[in-house]
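See structure below.
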2 protein chains.
Amino acid sequence: MSKFRETAMKSLSGDGHDHVSCVAEALQRAEDICAARGARLTKLRRHVLQLIWESGHAPIGAYELLRRLDKEHASAVPPTVYRALDFLIEQGLVHRIESLNAFVGCASPQEEHVGQFLICQSCGTAAEMNDARIDRAIEKVAAELGFATNGRVIEVRGLCPACRGAEA
Amino acid sequence: MSKFRETAMKSLSGDGHDHVSCVAEALQRAEDICAARGARLTKLRRHVLQLIWESGHAPIGAYELLRRLDKEHASAVPPTVYRALDFLIEQGLVHRIESLNAFVGCASPQEEHVGQFLICQSCGTAAEMNDARIDRAIEKVAAELGFATNGRVIEVRGLCPACRGAEA
DNA sequence: CGATCTATCGTTACAGTATAACATTATAAA
DNA sequence: TTTATAATGTTATACTGTAACGATAGATCG
């Protein structure tokens, strides 16, 4: 398994990637984190989080979530999903990918971090780098200009190892 | 003048910032670049570019451009402005700010670069860093993961020196 | 020059993304 | 229980972006 895939699919089970367990683990982590904070991971919010993870490490749009939610939640409308997303993002369980208007599960919700993503243009997989060297480089340049940072968007497009190999 | 302002307002005239000249210089640069390439900077495209620069180093949305364009161009509709933006971006004269759905004039359209922005949440000013150290850090991490990069979004939110000072 | 080809622009319609505002229900706290 | 607060339901609408096709204007070539 490539380092890219390892990074994208952090909660891997052994060598392959058992995505069913991966989703289950992500949901369990979310339960634990919310319980510890007294935040309410309601049925609806949990369902949205599950759909995000079931998208398989590829960012998914709000309206696609809405379509999938609709199957078991007839009253779902845009505010339904956007409010759930607001909560999940606030709790650090989900990241928004600005360049795609889409959402992806956070790989390490327990740790403080901004999101730094590598996004494959072919398969759609997004891997969270969260590399301190990149953070430091940015902080350094910002500091040199007297700029106080307060959040950032780091989204790198390109091709993951698997899709590079598969090219004609 | 702070380094941030110097960076944001690269074509500064002396110590202060003569924005009228700044806009004129940006338009002249664009004329030159397009002429050299045989690209057609039409009246419409030039007008949109001018409106972007007249926004004063703060990113401006497509529909706000449309409203301003409308005053002298009654037939303007969304495709009018989006097509002009497509051209300007393709020519490297304008950058899109993904996290704001907005557009800003490129500070150095002659040089090859991706856009790296510091964006003040208070005054809206966007400064282009284009720092090679940040590029290198990102390329390094991507390479370690076997990821071939092909474009990126680097947008740092925060407070510029002037707005930090002005805080209560 | 006139015919032709292509890029640009006009025009209509619509798709996709996101939020405001207020009513209702469920949960927690007193 | 009563009360307060958080969450959800509901309707409507705002904002952002594109598809598709026709009309026009500039370039190219005989």
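Computed over heavy atoms, backbone and side chain alike; hydrogens, waters and symmetry mates excluded. Note that the coordinates shown come from a computational prediction; the quantities given were computed from them, not determined experimentally. Lettering of chains follows the sequences in order, A, B, ..., and the numbering in each one begins at 1.
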Mapping A:Ala62 and B:Pro78 to their closest nucleotides on DNA chain C, which lands nearer the 5' end?
B:Pro78

Side-chain N or O of A:Asn101 closer than 4.0 Å to phosphate OP1/OP2 of C:dA18
yes

Of A:Pro79 and A:Thr42, the one whose nearest nucleotide on DNA chain D sits closer to the 5' end is A:Thr42

For B:Tyr82 and C:dA15, give me the distance from atom OH to atom C1', rounded to whole Å.
12 Å

Any chance the side chains of A:Glu139 and A:Thr149 put a donor and an acceptor closer than 3.5 Å?
yes

Over 60° means perpendicular and under 30° means parallel, so classify the ring planes of B:Trp53 and B:His57, tilted if in between.
perpendicular

Remember a base hit wins even if backbone is also touched, and classify B:Arg83 as base, sugar-phosphate or nothing at under 4.0 Å, heavy atoms.
base

Can you measure A:Leu44 atom CG to C:dA26 atom C1' for me and round it to whole angstrom units?
13 Å

Integer-rounded Å distance: C:dC9 P and B:Leu66 CG
15 Å

Nearest whole Å is fine: how far is C:dT8 C1' from B:Leu41 CG?
13 Å

Between B:Phe117 and B:His95, does the ring centroid distance fall short of 6.0 Å?
yes

Report the distance from atom CZ of B:Arg45 to atom P of C:dG10, rounded to the nearest whole Å.
11 Å

State whether a side-chain donor-acceptor pair under 3.5 Å links A:Glu155 with A:Ser99.
yes

Can A:Gln116 and A:Asp135 be counted as having a side-chain donor-acceptor contact under 3.5 angstrom?
yes

Stepwise salt bridge (charged side-chain N to carboxylate O under 4.0 Å, His left out) test for A:Glu31 and A:Arg46:
CA-CA 9 Å; A:Glu31 298 274 15; A:Arg46 194 178 188 284; 2.5 Å; yes

First contact, last contact: which nucleotides of DNA chain D are these for chain B, 5' to 3', heavy-atom distance under 4.0 Å?
D:dT16 to D:dG26

Stepwise salt bridge (charged side-chain N to carboxylate O under 4.0 Å, His left out) test for B:Glu144 and A:Arg133
CA-CA 13 Å; B:Glu144 286 171 5; A:Arg133 289 168 289 177; 3.0 Å; yes

d(CD1, A:Ile60; P, C:dT17) in whole Å
11 Å

When rounded to whole Å, the NZ to P distance for the pair B:Lys43 and C:dC9 reads 11 Å

A:Tyr63 OH - C:dC14 P separation (whole Å):
18 Å

